Amino acid sequence: MPDISRFGSQKFVSESDMVFVDVETIEFPDSIEMDVSYNSYLFASNGMLYLGTCCQGGSAHLIEYDPGKNEIRSLCNMDDLIKDHSLGYARQGKIHNPLCEGADGRIYGATHMDILFPFWSSFYDSHGYAGGHWFCYDPKTGDCTDLGLAIEREGILTTAMDAQRQIIYGLTWPRGYLLAYDIRKGTTTNKGRASVNLNRFIHCDPDGTVYIPGTNGHIASYHPDKDFAEDLPVGLRKFKNQSDESSYGHELVFTSPVECDNGRSFVAAFLRGDMFKYDCVDGSVKYYDFFDSGIYINVQMIVGLDGKIYYALPAEAGVSAVNECAAIFRFDPETETNELVGYMRSKDHTQLFHLSGGVIGNDGTMYWFALAPRDPDAGFYTREHFAANGFSQTKPVLVKYKPAKEAC
Amino acid sequence: MSIHNVTRKESPLLRQRMDGYRVPVPAGDSAVTSLATGPKGLVFGATSGLRNSYLFAFDNLSSKQLGTLVKTDQPVGIYRSLVCDGGNNLYFGTMPCIDSLEKVNTPDDYEGGHLYRVSVSVSLFHNEEGVDDTLFAASEMVDCGIPVPGEGIQNLVYEPCLNRIYGLTHPGTHLFSYDLETGEYYDFGSILKDSDPAYFRGYLRPRTLVSDSCGNIYGSGESGHLFNIDTWTNMFSYSSAQIPGMKVRQEWDTAESLLYVSPDLILGGTCDGYLFKFNPQEDRIINLGKPSMERRIRGLVLADENTVYGVCGDFRGASHIFRYNLLGGGFTDLGMFDSIPIENSSPWTAYNIETLIMDDFGAIFLGEHDIASHLLRFLP
């Protein structure tokens, strides 16, 4: 098993030392304006993969991938659906949140703002972002429906679903409100405010309790019996601030958690790559430390058919890793071991980066989003490349990876 | 170079001159909608809750501790309606519940907002080591009655000369007084005509009063004109000058905040975010402009004889704090309340500041209006 302690944001692994996994890639059609996609991936009961795209200066699209035909197609352009951009408001540039499948077979999601730096520009401008909308897609009719404004001026960053009550919970950006959208009633209510620093973390357990980032490093919870989310007694640990060793900050939880122990607990990862497991019954937290310096990990984890958790060091374009090639890790909650599966490259040996998304199909195939350099011979797509070219020298691809049988 | 020649520069980061304190009440009940200063470095606040509303006190002189005083046991709005009589008595007025996004839910059978009195006792518990603790105690709430039946109370100001409280009601905008000695109310009637468009448009209703502490109460009313009431004679008069605003809205605009500076200078901020100065002696208003693109100047305080601090912004934006120099130095935007250090908690970004006040020691306190709210302290 490779020594994973060598991974870290400041560590370089030479190409000769890399262990690669070859994956299948499917290019997104050029007709879809997009930069990337994030953790919107849903493998629906009809056997289709649904995801949303993100585009700076463009509109988000709802996308369907048919594994049988190996085809990607756009189902809906969010600016065309919601129409507020045509009134002068900023674009509905992202579908950032995990899509949800309702009991009615429809695919539900929400929109997020097209964030252009500086972050606050859209927020300040009175003609800026009007607010995220809920929407749904009916696979039977092919119709996409705008379900209305979720909240003014805020985008929906991440979501989780209470399948029993048919409620979709969404965390907003930038204020971090917890919204509850009742599918049956078609109403949205505001259930409180999370810490704005941690707000990609949301989980709904089988009981209907929703977990979100609270204040001061605490996990907050909301249950439909309550009026608002409130902090739980448990506080996540602090880490020494790398830029100022005399100060401590709470570790950022950047991932959407995944369920463990038949719903009793969930596992999430800190931004620095180490993981923790929260027991929803007794409120205990267990930490798993794997990396001796921080890495920047994918926002979505996948539970494989083998019960192990797959996650990625995404090699974000221009952001994090020295090695500009995505790597897949596998964590076994039973044995508490963590291993490198390998660096990810396509079958023509193009190295992939900016890995995000993540979902598993019925046959155990895992799907991610990745960027591939348009010119594979140009070498690693470095921070300097990204600063100079943005996404113009990259192409978005859907990644299919099926773990070897011996891994299962 | 001598150290004395070094010019002290203002920190560009607002958070380096601020801290905050979580209001220790359940989420949804903590919107700080009223603040008042008391003796000995005490700051009092009131929340407007969806289930209960609370009075709280903060000891800025000794322990920097914040404690709750009373709970209303019903959802009421206490909107800029908290005053201290200079001693140990707090008075607060209620209006229908204000929900988290600004709407006032007035029931059809609303009997009217009550004025309540609470006596506060504060003592220090001396620790052998470390900082003393502050022990807050309060009497039961004493119901002083309903000033105007069917109307909520949306603003109170204490006039020390006559030992009276003056207030405005919601939604009818009646001006009333309450004599603290006799317990008698006097209703001056609505300061608006029923046909006035402002009557029908939420935040455009007149909502603030200011006292010069010499018997004059000022406010804004009909068609954006300021009014004055001489409390010695109960004479009511309107200024001929109109507060500034956009042309088509000027008839409806109202002062959101008023600050008495001197007999010939009252500063005001409008609901559209204009700052103006009013000279009551010359009956003249000068438009000073807009300190920010944000609307609603929520409050103004005088930090020294030449420097005014204010907060603007509403639920659709992000609150900013600004400074205005009365000697012609203009506006300085000090920014939004981003990542403010919070006592015993993680940094917090406050987007909606409802009210601000300055204590006797020059610290400015700001009340946040959100689902989980904070009392913020800014040291100019």
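Here is how names work: the chains are called A, B, and so on, in the same order as the sequence lines, proteins then strands, and each is numbered from 1. These values consider heavy atoms only, across backbone and side chains, with no hydrogens, waters or symmetry-generated copies. What you are looking at is a predicted structure, and each value in this text was computed from that prediction instead of being measured.
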### Task
To the nearest 0.5 Å, tell me how far B/Ser346 OG sits from A/His218 NE2.
8.5 Å
### Task
Answer yes or no: is there a side-chain heavy-atom contact under 4.5 Å between A/Asn190 and B/Ile371?
yes
### Flag, side chain of B/Tyr351 to backbone of A/Pro174, donor-acceptor distance under 3.5 Å
yes
### Message
Which heavy atom of B/Ala27 sits nearest to which heavy atom of A/Glu230, and what is that distance?
### Response
N-OE2, 4.0 Å
